[in-house]
Amino acid sequence: MDQLVIFLPIFVVLGAFMFFASRRQKRAMQATIDLHESLQIGDRVHTTSGLEGTITAITDENVDLEIAPGVVTTWMKLAIRDRIEPETAASAAELSDSDAERLTKD
């Protein structure tokens, strides 16, 4: 009986760790599912391999991405990692403009 009492705190800590790890994984999986369900034609996205493209067509399992003008490739929907938000592109352009101004002043 004493041996069981000695290992009880270890079991409690391991159980708590497994509980919180599974919650985090479920939350991440739900976020991915929500992303895939909310994709629309015209969205700019990143794939898991790092490719950027614009969605031109969507089916239940596949997405057609235009990666260059006139170049359309078909990807599994699961390969979409995230959506590129328009503000991100705008803030990157502003950063480039401020860098250009700084460089011309020097």
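Since this is a predicted model, take the numbers as computed values, not measurements.
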For Thr59, check side chain to side chain donor-acceptor pair (under 3.5 Å) against everything at least two apart and list the hits.
-> none
How many angstroms lie between atom CG of Asp43 and atom CZ of Arg83, to the nearest 0.5 angstrom?
-> 4.5 Å
Contacts under 3.5 angstrom, residues 29-37 side chains, donor-acceptor by atom type, not counting sequence neighbours:
from: Gln30; atom 1: NE2; to: Asp34; atom 2: OD1; distance (Å): 2.9
from: Thr32; atom 1: OG1; to: Ala28; atom 2: O; distance (Å): 3.1
from: His36; atom 1: NE2; to: Lys77; atom 2: O; distance (Å): 3.2
from: His36; atom 1: NE2; to: Ile80; atom 2: O; distance (Å): 3.1

Asp82 and Val45, any side-chain heavy atoms less than 4.5 Å apart | no
Residues joined to Leu78 in its hydrophobic cluster, side chain to side chain under 4.5 Å directly or through other members, sorted by chain and number, are Met76
For residues Leu51 and His46, determine if any side-chain heavy atom of one lies less than 4.5 Å from a side-chain heavy atom of the other.
-> no
Under 3.5 Å donor-acceptor pairs involving side-chain atoms of residues 16-26, not counting sequence neighbours:
from: Ser22; atom 1: OG; to: Met18; atom 2: O; distance (Å): 3.3
from: Ser22; atom 1: OG; to: Phe19; atom 2: O; distance (Å): 2.9

Give me the other members of the hydrophobic cluster that Phe7 sits in, counting Ile, Leu, Val, Met, Phe, Trp and Tyr linked by side-chain heavy atoms under 4.5 Å, directly or via other members.
-> Ile10, Phe11, Leu14
Which atom pairs, donor and acceptor, lie under 3.5 Å between side-chain atoms of residues 63-74 and protein residues at least two apart or in another chain?
from: Asp64; atom 1: OD1; to: Thr74; atom 2: OG1; distance (Å): 2.8
from: Glu66; atom 1: OE2; to: Gly70; atom 2: N; distance (Å): 3.0
from: Thr73; atom 1: OG1; to: Trp75; atom 2: NE1; distance (Å): 2.7

Residues at least two apart in sequence or cross-chain that pass salt bridge (Lys or Arg N to Asp or Glu O under 4.0 Å) with Arg44, listed by chain then number, are Glu52
